[in-house]
There are 2 protein chains.
Amino acid sequence: MADAGSPFHEAPHDHHACVAAALAAADLVCRQKGARLTALRRRVLELIWSRHAPARAYDILEQLKGERGGAAPPTVYRALDFLIEHGLVHRIESLNAFVGCNDPRYGHSAQFLICRRCGTIAELEDAEVARLVRARAAALGFRVSHQTIEIAGLCPGCDAGSGDPTHAA
Amino acid sequence: MADAGSPFHEAPHDHHACVAAALAAADLVCRQKGARLTALRRRVLELIWSRHAPARAYDILEQLKGERGGAAPPTVYRALDFLIEHGLVHRIESLNAFVGCNDPRYGHSAQFLICRRCGTIAELEDAEVARLVRARAAALGFRVSHQTIEIAGLCPGCDAGSGDPTHAA
DNA sequence: GTCGTTTGGTTATAAGATAACATCAGTGCG
DNA sequence: CGCACTGATGTTATCTTATAACCAAACGAC
Ligand SMILES: [Zn+2]
Ligand SMILES: [Zn+2]
Ligand SMILES: [Zn+2]
Ligand SMILES: [Zn+2]
């Protein structure tokens, strides 16, 4: 298959399977933790997974309004709080947006590669990066509690397109 | 001096010297680039340097209002845009705030250590971290244009204070 | 069923950022 | 000087993002 080993999902793929897998993993994680993945929270998670790009809170809100009325900002933010707390969603600080976690089964220090052209985001879980950051901080007497690592640039597809007549703007 | 080798400035120190050095460096950088560090821009930079913690745009705005009237959000954000464009200030995405650059003489990939207790921020310029991130991205075909690396935790002073009766809250 | 807790609805507002247009200050030139 | 041009700032309005506070419904334990 095209993207088996890559964290990028640019090429057309069976995205329904991505969403189904994410929701199944969420169901499992919540069952194991005794957390309640309600219909609303599950739907918000599903909307976040609708694309491999970060979703903004007010875009989710617009979707919900169309589906069920009685949706307001707190509706979305409370669901996001739950999903983040249980590791099902990551907040992307540099975009004020939210993306589904690739592997919510345990806590981790992730890094994100964000294409500034097509918006695709890839989640890495590079232990060496996380460890080097912790080591550098520790050398200065700093105790790390959370790493925010968001790398902007061009994804493979968009980088190939730059300067390429077949893709140039 | 107390903190000669540390990026942290928690202990009392001659902070006036920090500010003076930052402003002098800014003057130099702007003169060399032909950029106009106007009184307003210089004052905003000075306010950002008032502490070794990120400054929020609307706090800067409140200061300016008290000093000169006729200050509104665009006043601050335009000054910030200028300062960021010329590398004099960094935006801290995870805080929606701004901090003076330690070394504005040339572009760089910085990392920030942010104390979640006292708010102190330290800017690192660790080439190895930046290089490892670039390497990991490159291995996936991703071309990096900007790294956002913001590490939350406890600075040396606050970490020592945790559980220590002499500092406990 | 009843109680207590969690979840979600509702209204209002806080916090952060930008768009659009007017005005002013400096610069160069006839 | 008078004028035009440019960059910087003033001004008003609006947009985006996020939270506070309070209430009602749903759920789970007993
Ligand atoms: Zn997919
Ligand atoms: Zn792309
Ligand atoms: Zn200082
Ligand atoms: Zn601290």
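Note on naming: letters A, B, ... go to the chains in the order of the sequence lines (proteins, then strands), and numbering restarts at 1 for each one.
- Ring pair B/H13/B/H9 is tilted by interplanar angle, where 30° to 60° counts as tilted.
- The shortest distance between the side-chain N/O atoms of A/N96 and the OP1/OP2 oxygens of D/dA18 is below 4.0 Å.
- Note on A/R68: a side-chain N or O is less than 4.0 Å away from OP1 or OP2 of C/dG9.
- A straight line from CG of A/L80 to P of D/dT17 spans 12 Å, rounded to a whole angstrom.
- Of the side-chain N and O atoms in A/Y77, one or more sit less than 4.0 angstrom from OP1 or OP2 of D/dA18.
- Residue B/R41 places at least one side-chain N or O closer than 4.0 Å to OP1 or OP2 of D/dA8.
- In terms of position on DNA chain C, the residue among A/F82 and A/A72 whose nearest nucleotide sits closer to the 5' end is A/F82.
- Between the CG atom of B/L40 and the P atom of D/dG7 there is a distance of 18 Å, given to the nearest Å.
- The closest side-chain heavy-atom distance from B/Q147 to B/R134 is below 4.5 Å.
- Remark: P of C/dT7 and CZ of A/R42 are 17 Å apart, rounded to the nearest angstrom.
- The distance from atom CG of A/L95 to atom C1' of D/dT16 is 14 Å, rounded to the nearest whole Å.
- A tilted orientation is assigned to the rings of A/H86 and A/F82, their planes being inclined by 30° to 60°.
- Nearer the 5' end of DNA chain D, as judged by each residue's closest nucleotide, is the contact made by B/A39, out of B/A39 and B/P73.
- Considering only the side chain of B/T75, D/dT11 comes nearest among C/dT6, D/dT11, C/dT11.
- With values rounded to the nearest 0.5 angstrom, B/Q111 atom CD is found 5.0 Å from B/I149 atom CD1.
- Taking 4.0 angstrom as the limit, B/R91 places a side-chain polar atom (N or O) nearer than this to OP1 or OP2 of C/dA17.
- For the pair A/R78 and D/dA21, the criterion of a side-chain N or O lying under 4.0 Å from OP1 or OP2 is not met.
- Of the candidate nucleotides C/dT18, C/dT11, D/dT17, C/dT11 has the atom nearest to the side chain of A/P74.
- Taking atom CD of B/E93 as the reference point, atom P of C/dG16 lies 14 Å away to the nearest angstrom.
- For an aromatic pair to be called close, the ring centres must be under 6.0 Å apart, and A/F98 with A/H90 fails this.
- Taking a centre distance below 5.5 Å and an interplanar angle below 30 degrees as the stacking criterion, A/Y58 stacks against the six-membered base ring of D/dT17.
- Note: CG (A/L37) to C1' (C/dG8) measures 15 Å, nearest angstrom.
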